[in-house]
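Presented below is the structure to which this report refers.
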Amino acid sequence: MTYETLLYEQREGIAYVSIHRPEKLNALNNAVMTELKTCFEAIQSNDEVRAVILQGAGERAFVAGADIGELSRLDSLRGKEASCRGQELADLIENLGKPVVAAIHGYALGGGCELAMACTLRVASEDARFGQPEVKIGIIPGYGGTQRLSRLVGKGRALEMILTGEPITAQEAYRIGLVNCVVPKKDLIATAEALARKIMANAPLAVKLSLEAVHHGLEMSQREGEFLEADLFGLCCTTEDMKEGTRAFLEKRPAKFAGK
Ligand code: COA
């Protein structure tokens, strides 16, 4: 696949998606948003891809936010449409059915932080900076940030970031649970790959259904979430992978999962 604003590579079951607008710190303009949607839809239906690594091209940024030039021209209706489009992309990534690991260096601001939060896991390099600076330009986070940030780090920390607009360091992001780990920049992609491969070694349907249980469960009461969990647990018990996984354990050998 070739794109104007993304770099795409596929190797050994991993899709590497890189947002490529380094001269604008990978700001999310219309072209990037359209291509990201096309790209993630293609990944979703591509059985050869078992995990995704999302990164930003260039030395300085994962993504420095939505494109402020384009934002400045929005009216009420177009503003709502732009927000809905960003939310749909984030939902697509979150509900892809396969793990998406964000490998974050440099700035992850506004829509960049929101894009990272839609990913399954986040690996940050030591130079990463996270923030929701929208209030500084008269708007609020619009790609799901007001919802995902508070779910990830709690209401108090989320409100501090959203209301002050001030960025936080990678270490602080780790401390509050916004990222899963912080590593030296040279190890960023290797760490993301190692995480992806650990997940890929597990039963694909169990991974997919775990994602579903956690994401949908969070929208429900605990009792409803547990009901969903029991249904999905039952579904796992019908899979070949469950038979293989349990048999392999009992036979003291590694499992060979078929994703069925
Ligand atoms: N939208 C559009 N362009 C952006 C951008 C954004 N969100 N973020 C950076 N850019 C562009 C700059 O306009 C500049 O383009 P130019 O060289 O054509 O003037 C280029 O990227 C480099 O950015 P610059 O501001 O010169 O780098 P810096 O090192 O001085 O500052 C930041 C880096 C990230 C602190 C600063 O670019 C910034 O604050 N960006 C906006 C962050 C933001 O508010 N994001 C949320 C938007 S809702």
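Along the sequence shown, the residues carry numbers beginning at 1. As the structure lists them, so they are numbered: ligands from 1, and atoms in each ligand from 1.
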Legend entry - Ala66-ligand 1 polar pair, N/O distance under 3.5 Å: yes
Inset, instruction - Return yes when at least one protein heavy atom is under 4.0 Å from atom 16 (P) of ligand 1, and no when none is. - result: yes
Legend entry - Residue Glu4 excluded, over 12 heavy atoms near CD under 6.0 Å: no
Inset, instruction - May I ask you to identify the nearest protein heavy atom to atom 2 (C) of ligand 1, giving residue, atom name and distance to one decimal place in Å? - result: Ile68 N, 3.5 Å
Inset, instruction - Report yes or no: does Glu23 have a heavy atom closer than 4.0 Å to ligand 1? - result: yes
Inset, instruction - For Glu134, take its heavy atoms, then give the atoms of ligand 1 lying under 4.0 Å from any of them. - result: 48 (S)
Legend entry - Backbone of Phe257 reached by a side-chain donor or acceptor of Glu244 within 3.5 Å: no
Inset, instruction - Ignoring hydrogens, tell whether any protein atom lies closer than 4.0 Å to atom 33 (C) of ligand 1; use the non-hydrogen atoms only. - result: yes
Inset, instruction - Return a yes/no value for Arg60: is any of its N or O atoms, backbone included, closer than 3.5 angstrom to an N or O of ligand 1? - result: yes
Legend entry - For ligand 1, the portion of Lys24 having any non-hydrogen atom under 4.0 Å away: both
Inset, instruction - Hey, could you give me the CG/NE2 distance between Leu209 and His216, rounded to the nearest 0.5 Å? - result: 10.0 Å
Inset, instruction - Could you tell me the residue and atom name of the protein heavy atom closest to atom 23 (O) of ligand 1, and the distance to it rounded to 0.1 Å? - result: Leu25 CD1, 3.6 Å
Inset, instruction - Would you indicate whether Lys198, at its atom NZ, is surrounded by more than 12 heavy atoms from other residues, nucleotides or ligands within a distance under 6.0 Å? - result: no
Legend entry - Residue-ligand contact Leu71/ligand 1, heavy atom below 4.0 Å: yes
Inset, instruction - Please check atom 13 (O) of ligand 1 for a protein heavy-atom neighbour under 4.0 Å. - result: no
Inset, instruction - Specify the protein heavy atom at minimum distance from atom 44 (O) of ligand 1: its residue, its atom name, and the distance to 0.1 Å. - result: Pro133 CG, 3.5 Å
Legend entry - atom 38 (C) of ligand 1 protein-contacted (non-hydrogen atom, under 4.0 angstrom): no
Inset, instruction - Find out whether Thr5 and His20 are in side-chain contact, i.e. whether some heavy atom of one side chain is under 4.5 Å from a heavy atom of the other. - result: no
Legend entry - Side chain proximity check, Ile176 to Ile168, heavy atoms < 4.5 angstrom: yes
Inset, instruction - Go through the side-chain N and O atoms of Thr169 and Glu172 and say whether any donor and acceptor fall under 3.5 Å apart. - result: no
Inset, instruction - State, with a plain yes or no, whether a side-chain heavy atom of Val100 is found less than 4.5 Å away from one of Ile43. - result: no
Legend entry - Beyond-backbone contact of Leu54 with Phe62, side-chain heavy atoms, under 4.5 angstrom: yes
Legend entry - Residue and atom name of the nearest protein heavy atom (relative to atom 8 (N) of ligand 1), distance in Å to one decimal: Ala64 CB, 3.7 Å
Legend entry - Identity and distance of the protein heavy atom lying nearest atom 5 (C) of ligand 1: Ala27 CB, 4.0 Å
Inset, instruction - Give the contacting part of Leu109 toward ligand 1: side chain, backbone, both or neither, where contact means a heavy-atom distance below 4.0 Å. - result: side chain
Inset, instruction - Taking the side chain as every heavy atom from C-beta outward, state whether Glu94 and Arg148 have any atom pair closer than 4.5 Å. - result: yes
